[in-house]
Structure formats: C-alpha cells, structure tokens
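Data block below; observations after.
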Amino acid sequence: MEIKVLKSYKELSSIVADIIEKQLKEHLLSKLALPTGNTPLGMYEELVSRKLDWKSVITFNLDVYLMNPDHPQSYQSYMRKNLFNKVNIYPDHSHFPFRPTEAFEDKIEGSMGIDLCILGIGNNGHIAFNEPGSSFKSRTRVVDLFEQTIKDNSRFFDSIDDVPKQAITMGLGTIMESKKIVLMANGDHKLNILNVAMNGEVTEDVPASILQNHDNVEVYYCD
Ligand code: GLP
C-alpha cells in the first residue's frame, strides 16, 4: 500500500482537513468516525479555523477510556475541547462508544453507516483500541489495554496509575465497514510499524494490517 510521505505536520493536518472538508461540502449529512491522541490535534485546529457547517454532521468517536467522561483526560473532554465546543455540531449528533455496545453499533447502522473514518495508529499497530490479537471480525466492545498502550498514554496523565486499564472501542469489523478510511501517522517512531502494517503480512497480530483489505484507504505520514 502506498504511504504518502508529507513534508510537515502542518501539511499532514491540512491534507486530512481537506479530505474532511470535501466530505462535508459534498454530503451535508455526513457521518464521520473520529480519532483522539496527539496526531489529529493539528487537523482539528485546522478544521475549526475553516468555519465549516457541522449542523447536519453525525460523528462517532472510535474509542473511549472506561472512566468518568467529565475527567479532563477523557476522550469526551478531548473532543469537546478540540472540536465540538468550537463548531456548530448538535450535541445529540456526536456519539461515543457506550454500553451496551450493541446499542452503539445499532446507532451506526441506524445512521446508514460511516462515510469517512479518520484513524491514528498506536506504536504496537493498534487502531482505535484494537490491540494486537483483536479479531478482524470484532465489533464494538470493552477491551483491556496492553501495558505498552497504558505506558504510551501515561504522558497525558499525572501518573501511570491514573491511566484507565480498560476502554470501549469500535471493532475492526466495524471500522472496515466505513466507506472511506484515512490513516494519519506522525513521527519517525511510527514509521516501522506503519510499513509493517501497510506492506507486511495481513495478520491479527498487527491490527492496522487489516486496512490492506479495504479498497478505499489513504495513508499519510510525516516525520
Ligand atoms: C490511542 C488512541 C488511538 C490513537 C493512538 C495514537 O491509543 N486510542 O486511537 O490512534 O493513541 O495516538 P497518538 O496520535 O497520540 O500517537
């Protein structure tokens, strides 16, 4: 698979924002799946500055920690701070994975499916919180986070003990039903896993490798 290498983080952010802008302008009733983490921060900033019309847009976040949604490090707080409080999206239109997870899946299905899914990639090849070994058929569910992921994400918390040990994540099967998928990766520490995922064996040991089986995926990287 082609990995499009970009010159800068700014270019990465603006190219992915261009793809979302095009989607929103061409389809007023767009359904997006959205990521968190450091990588998409510039993209959200870029989107906010473009003053797009979000009033008919429906969003589904890819994952949430199992924690108080009002905690400053929850993904709900992240999304409010970086996007939802700054655009004209209806609060009822932004969804986060919840239990019972089948009901979250029903919400996606009831909206007629995800048009555009934006993904990051974890250092161990996870997408959303689908850790290595996740079934390619997996649906939204509660998962235990790997030690490595807890360690990687501890930078956002006061102490590693504060990092939640569990999350609710969209499944790989759920993600793969998106009509279009864009994966963004930033930093040379991600290059090796990106190459393995996009050009190595398609295996449940590398969750992102499932994207090789999707016919509408774009992958962008900058160091
Ligand atoms: C977390 C999120 C993923 C994200 C990954 C990479 O584990 N659950 O959805 O892709 O982090 O984050 P970062 O962009 O901060 O490297």
Side-chain angles (χ1 to χ4, degrees), residues 1 3 30-37 39-40 58-67 69 74-76 78-79 94-153 163-185 190 192-219:
M1 273 176 81
I3 298 172
S30 289
K31 287 94 56 185
L32 307 180
L34 296 176
T36 50
T39 310
I58 297 179
T59 64
F60 297 94
N61 264 80
L62 289 160
D63 48 11
V64 287
Y65 289 119
L66 263 187
M67 73 189 303
S74 75
Y75 285 173
Q76 290 90 337
Y78 171 107
M79 290 306 297
S94 53
H95 306 290
F96 292 88
F98 61 88
R99 288 185 285 190
T101 53
E102 296 74 17
F104 178 72
E105 290 272 338
D106 288 347
K107 253 196 200 310
I108 297 176
E109 213 183 298
S111 79
M112 308 295 286
I114 292 162
D115 300 305
L116 173 61
C117 172
I118 312 293
L119 294 174
I121 183 167
N123 291 328
N124 62 6
H126 72 233
I127 47 178
F129 269 135
N130 292 285
E131 299 280 29
S134 296
S135 163
F136 279 173
K137 294 199 177 98
S138 56
R139 312 300 306 184
T140 304
R141 68 205 185 285
V142 175
V143 291
D144 294 327
L145 301 179
F146 280 21
E147 270 317 306
Q148 177 66 44
T149 302
I150 292 173
K151 221 162 110 196
D152 290 346
N153 290 348
V163 186
K165 309 277 180 290
Q166 287 190 305
I168 313 179
T169 184
M170 259 188 216
L172 294 172
T174 321
I175 290 169
M176 286 293 281
E177 285 166 11
S178 308
K179 294 181 190 84
K180 178 182 173 97
I181 299 178
V182 173
L183 185 141
M184 52 193 316
K190 295 272 177 83
N192 184 46
I193 189 64
L194 197 59
N195 272 320
V196 169
M198 298 309 141
N199 296 310
E201 192 194 339
V202 177
T203 162
E204 290 178 350
D205 293 338
V206 183
S209 69
I210 195 177
L211 299 177
Q212 294 185 42
N213 293 340
H214 195 288
D215 60 9
N216 193 0
V217 180
E218 290 172 23
V219 180

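Since the model is a prediction, treat every value here as computed from it, not as a measurement.
- Looking at Leu183 and Glu218, their side chains never come closer than 4.5 Å, going by heavy atoms from C-beta outward.
- The number of heavy-atom neighbours closer than 6.0 Å to NZ of Lys137, taken from other residues, nucleotides and ligands shown, is 12 or below.
- Arg99 places a side-chain heavy atom less than 4.5 Å from the side chain of Val142.
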query = After noting the C-alpha distance and the side-chain angles of Leu66 and Ile168, does the key distance pass the side-chain contact (heavy atoms from CB on, under 4.5 Å) rule?
reply = CA-CA 7 Å; Leu66 263 187; Ile168 313 179; 3.9 Å; yes
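- Between Leu211 and Ile181, some side-chain heavy-atom pair lies under the 4.5 Å cut-off.
- Here the side chains of Met1 and Val217 are in contact, with some heavy-atom distance below 4.5 Å.
- Residues Tyr78 and Pro40 share a closest heavy-atom pair of OH-CG, 3.5 Å.
- Ring geometry for Phe104 versus Phe98: interplanar angle over 60°, hence perpendicular rather than tilted (30 to 60°).
- Between the side chain of Asp205 and the backbone N or O of Pro132 there is no donor-acceptor pair closer than 3.5 Å.
- Between His214 and Met176, the shortest heavy-atom distance links the atoms CD2-O, 3.2 Å.
- Put simply, the side chain of Lys190 gets close to the backbone of Ile121: a donor and an acceptor are under 3.5 Å apart.
- Counting only N and O atoms by type, the side chains of Ser134 and Glu204 include no donor and acceptor under 3.5 Å apart.
- Taking CD of Glu109 as the start and CD1 of Ile114 as the end, the distance is 11.5 Å to the nearest 0.5 Å.
- In terms of heavy-atom proximity, Leu172 sits nearest to Ser135 at CD1-O, 3.5 Å.
- Between Glu102 and Arg139 there is no salt bridge, since no side-chain nitrogen of the basic residue lies less than 4.0 Å from a carboxylate oxygen of the acidic one.
- If you take CZ on Phe60 and CG on Leu34, they are separated by 10.5 Å, rounding to the nearest 0.5 Å.
- More than 12 heavy atoms of other residues, nucleotides or ligands shown are found within 6.0 angstrom of NZ on Lys180.
- Side-chain atoms of Asp63 never come within 3.5 Å of backbone atoms of Met170 as a donor-acceptor pair (strictly under, hydrogens ignored).
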Residues Leu119, Leu62; criterion side-chain contact (heavy atoms from CB on, under 4.5 Å); working and verdict = CA-CA 8 Å; Leu119 294 174; Leu62 289 160; 3.6 Å; yes
query = Run the side-chain contact (heavy atoms from CB on, under 4.5 Å) check on Asn130 and Ile175 step by step: do they pass?
reply = CA-CA 10 Å; Asn130 292 285; Ile175 290 169; 3.9 Å; yes
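- Note: Leu116 CG to Ser30 OG = 8.0 Å, rounded to the nearest 0.5 Å.
- Ser74 places a side-chain N or O within donor-acceptor distance of the main-chain N or O of Pro69, the cut-off being under 3.5 Å.
- Closest of all the heavy-atom pairs between Ala208 and Ile127 is CB-CG2, 3.9 Å.
- Side chain of Thr36 to backbone of Tyr75: no donor-acceptor contact under 3.5 angstrom is found.
- Residues Asn216 and Lys179 are not in side-chain contact: their nearest non-hydrogen atoms beyond the backbone lie 4.5 Å or more apart.
- To the nearest 0.5 Å, atom CZ of residue Phe146 and atom NZ of residue Lys165 are 15.0 Å apart.
- Between the Gln212 side chain and the Val202 main chain, no donor and acceptor come within less than 3.5 Å of each other.
- Few gaps surround CD on Gln166; more than 12 heavy atoms of other groups in view lie less than 6.0 Å from it.
- Ser209 and Glu201 are not linked by any side-chain donor-acceptor pair at a separation below 3.5 angstrom, with hydrogens and angles left out of the test.
- Note: Met198 CE to Ile193 CD1 = 9.0 Å, rounded to the nearest 0.5 Å.
- The line from CG of Leu194 to CE of Met184 is 12.0 Å long, rounded to the nearest 0.5 Å.
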request  = Please test Glu131 against Asn124 for side-chain contact (heavy atoms from CB on, under 4.5 Å), starting from the C-alpha separation and ending with a verdict.
outcome  = CA-CA 8 Å; Glu131 299 280 29; Asn124 62 6; 2.9 Å; yes
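- Judged by distance alone, with hydrogens and angles left aside, the side-chain atoms of Thr169 form a donor-acceptor pair with the main-chain N or O of Phe129 at under 3.5 Å.
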ask   = What do the steps show when you test Asn123 against Gln148 for side chain to side chain donor-acceptor pair (under 3.5 Å), and what is the final call?
value = CA-CA 8 Å; Asn123 291 328; Gln148 177 66 44; over 6 Å; no
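- Glu105 places a side-chain N or O within donor-acceptor distance of the main-chain N or O of Thr140, the cut-off being under 3.5 Å.
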